[in-house]
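Indexing begins at 1, ligand by ligand and atom by atom, following the structure's order. All of these numbers come straight from a predicted model, not from anything done at the bench.
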Amino acid sequence: MELKNDLILRAARGEAIERYPVWLMRQAGRILPEYRAVRSKLSGFKELVETPEFAAEVTIQPVDILDVDAAIIFSDILVVPEAMGLEYQMLEQKGPWFEKTIQTMDDLKYAETNFDIEDRLGYVLEAIRLTKKELNGRVPLIGFAGAPWTIFCYMVEGKGSKTFSESRKMLYTNPTLAHELLNRITDVTISYLKAQVNAGAQMLQLFDSWAGILGTEQYAEFGLRYLDKIANAINEVPLTLFSKGAINSVNDLAKLNCNTIGLDWNMDAVAIRKEVGETRTLQGNLDPCALYASHAEVEKSTINMLNRFESQRHIVNLGHGVYPDIDPEKVKTFIKTVKNYEIRF
Ligand code: CP3
């Protein structure tokens, strides 16, 4: 099917664009009353994720309501550990919770790799197929997965954490187990991303949300090494790597076989552009909290951010997911400001 708006794909490949493409991480979700309405009819978050018709509906909501230049499939990074053998629950107000975790070599029986993706994650693939049909070529559809290090954190810790000290502890006390688990997550993630492309995903993003809690050397060994493996295996569609907080690793990340590097709001677009040149597209990076300010201030901080990139290799986004209590009207101001910004190249 012919795409009516392929701006984001062109920006990812470094081709000419008329204006910057824009979308938001976590755009499908609680900021929209329309999402909360669908969600309130259901038993919980997992029913939404696991029912392709509902997942497709909330995936398309931000395209209709916010006018973004891409849709991202509604799912979660935690579907991968679940498919491997660790079931999760999403507790209201608390977040994810796993009954079992990986602590010993014996626990690796809960980290299976030898299964059919369609069999265990077919609901995500069906949601992608349905969304593609309903989008009817309006904008590209982004598929995603968690990066191995971030998935490792949830499989070892079993829940969210500020420090993920159990996960970091294993890197010192049992690096062999850590590498074995990371390898397994990597293998499943590669198959899962390829299955998403076969189902219709036109672009992929890896979320390494907990990259920033490792030192530079440890992130090279336990993070980048596995991102490298994935980036080399995925050549079908443009790939974005987003390693939140990994300020000292951005230049090494940019050397991997990907199209786009995601920047959080602490990362300096000017310095990073100087380092990577025009070899990679940069995505980001307005502070999500900037959207709490007045409409006039949102416009000002958006323009300030855009002025720091000044390249056709820029996909506009926030520096992390949009916070659930942000007024969608402020998001619209952000998006309108990007769309009205005249590019000068
Ligand atoms: O719009 C989109 O970006 C697509 C959907 C999406 C969700 N989660 C839906 C979701 C995506 C891309 C994710 C990724 C994800 N999930 C990450 C990486 C990105 C990041 O924010 O760093 C992580 C770490 C998770 C794990 C996760 N999922 C946590 C820790 C939580 C609980 C905290 C919270 O935000 O509530 C979730 C739940 C979740 N995933 C929600 C949504 C819309 C909220 C659930 C609800 O509706 O109640």
Side-chain angles (χ1 to χ4, degrees), residues 22-51 54-66 68 70-82 86 88-98 124 127-128 131 139 141-155 157-162 164 167 189 192-193 196 201 203-213 240-246 262-265 283-285 288 317-326 328 331:
V22 55
W23 69 285
L24 286 86
M25 292 184 275
R26 296 287 188 108
Q27 65 188 18
R30 287 164 296 185
I31 53 159
L32 296 178
E34 293 83 353
Y35 167 88
R36 296 198 298 268
V38 174
R39 172 85 160 70
S40 67
K41 290 188 297 190
L42 308 175
S43 62
F45 175 73
K46 282 188 86 173
E47 188 183 352
L48 181 49
V49 166
E50 291 166 10
T51 314
F54 293 133
E57 183 181 349
V58 301
T59 298
I60 295 172
Q61 282 176 349
V63 179
D64 288 334
I65 301 163
L66 303 174
V68 283
I72 178 162
I73 191 64
F74 189 82
S75 185
D76 202 88
I77 63 168
L78 303 176
V79 302
V80 166
E82 180 162 84
L86 290 181
Y88 76 94
Q89 293 175 42
M90 193 60 77
L91 305 177
E92 295 295 333
Q93 320 294 340
K94 281 198 171 151
W97 189 78
F98 292 80
V124 182
I128 291 176
T131 303
V139 291
L141 178 61
I142 304 172
F144 71 90
W149 163 247
T150 289
I151 296 299
F152 172 95
C153 284
Y154 286 102
M155 291 180 87
E157 213 88 20
K159 54 184 185 322
S161 160
K162 282 204 171 73
F164 283 96
S167 317
T189 301
Y192 178 48
L193 291 174
Q196 290 189 45
M203 200 172 169
L204 293 169
Q205 174 157 327
L206 280 166
F207 288 89
D208 213 350
S209 307
W210 304 113
I213 64 175
T240 301
L241 301 176
F242 175 50
S243 293
K244 183 169 181 303
L263 306 190
D264 71 35
W265 68 95
Q283 175 173 277
N285 74 340
N317 207 309
L318 303 180
H320 198 197
V322 61
Y323 298 136
D325 61 344
I326 292 287
V331 175

- Note on the structure: ligand 1 to A28, heavy atom cutoff 4.0 Å, flagged ligand atoms 1 (O), 43 (C)
- Task: Could you tell me whether Y154 and ligand 1 have an N or O pair separated by under 3.5 Å?
- Result: no
- Query: Under 4.0 angstrom from atom 33 (C) of ligand 1, is there any protein heavy atom?
  - Reply: no
- Message: Which residue and atom name correspond to the protein heavy atom nearest atom 14 (C) of ligand 1, and how close is it?
- Response: I77 CG2, 3.8 Å
- Query: ligand 1 and E92, any nitrogen or oxygen pair closer than 3.5 angstrom?
  - Reply: no
- Message: I'd like to check whether R30 has a polar contact with ligand 1, where a contact means an N/O of the residue lying under 3.5 Å from an N/O of the ligand.
- Response: yes
- Message: To the nearest 0.5 Å, what is the distance between CE on M90 and NZ on K94?
- Response: 14.0 Å
- Item | Between Q283 and Q205: side-chain donor-acceptor atoms closer than 3.5 Å | yes
- Note on the structure: closest protein heavy atom to atom 22 (O) of ligand 1 is S209 OG, 2.5 Å
- Message: Return the OG1 to CD1 distance between T150 and I77, rounded to the nearest 0.5 Å.
- Response: 6.0 Å
- Message: Among all the protein's non-hydrogen atoms, which is closest to atom 20 (C) of ligand 1, and how far away is it?
- Response: H320 NE2, 3.2 Å
- Under 4.0 Å, heavy atoms only, figure out whether ligand 1 is touched by the backbone of I73, its side chain, both or neither. backbone
- Classify the side-chain pair S43/E47 by whether it contains a donor and acceptor separated by less than 3.5 Å. yes
- Query: So between R39, R36, K94, M90, whose heavy atom ends up nearest atom 48 (O) of ligand 1?
  - Reply: R39
- Message: For atom 11 (C) of ligand 1, what is the closest protein heavy atom, and at what distance to 0.1 Å?
- Response: F144 CZ, 3.6 Å
- Is the cationic atom of K41 (NZ for Lys, CZ for Arg) positioned less than 6.0 Å from the six-membered ring centroid of F54 and within 45 degrees of its normal? no
- Heavy-atom neighbours of K46 NZ exceed 12 at 6.0 Å: yes
- Item | Closest protein heavy atom to atom 41 (C) of ligand 1, given as residue, atom name and distance to 0.1 Å | F45 CE1, 3.6 Å
- Message: Would Q27 count as being in polar contact with ligand 1, using the rule that some N or O on each side must be under 3.5 angstrom apart?
- Response: yes
- Message: Which of the numbered atoms in ligand 1 are under 4.0 angstrom from any heavy atom belonging to Y35?
- Response: 43 (C), 46 (C), 47 (O)
- Note on the structure: Interatomic distance, CG@N317 vs CH2@W23, rounded to 0.5 Å, equals 5.0 Å
- Item | Atoms in ligand 1 with a heavy atom of I72 nearer than 4.0 Å | 1 (O), 2 (C), 3 (O), 4 (C)
- Between W210 (side chain) and C153 (backbone), is there a donor-acceptor pair under 3.5 Å? no
- Task: Test ring-ring contact (aromatic ring centres under 6.0 Å, His included) on F164 and Y154 and set out the steps.
- Result: CA-CA 9 Å; F164 283 96; Y154 286 102; 5.6 Å; yes
- Task: Consider only side-chain N and O atoms of S167 and E157, and report whether a donor and an acceptor are under 3.5 Å apart.
- Result: yes
- Considering residues at least two apart in sequence or located in another chain, which fulfil the side-chain contact (heavy atoms from CB on, under 4.5 Å) criterion with A211? D208, Y219, S243, A246
- To which of S75, P96, G29 does the heavy atom nearest atom 9 (C) of ligand 1 belong? S75
- Task: Please tell me if the side chains of Y88 and V79 come closer than 4.5 Å, counting only heavy atoms from C-beta onward.
- Result: yes
- Message: Looking only at protein heavy atoms, which one is nearest to atom 13 (C) of ligand 1, and what is the separation?
- Response: R26 NE, 3.5 Å
- Considering only non-hydrogen protein atoms, determine which one is nearest to atom 16 (N) of ligand 1 and report residue, atom name and distance to 0.1 Å. D76 OD1, 3.1 Å
- Task: Give the contacting part of K244 toward ligand 1: side chain, backbone, both or neither, where contact means a heavy-atom distance below 4.0 Å.
- Result: neither
- Item | Proximal ligand 1 atoms for F74, defined as those under 4.0 Å from one of its heavy atoms | 9 (C), 43 (C)
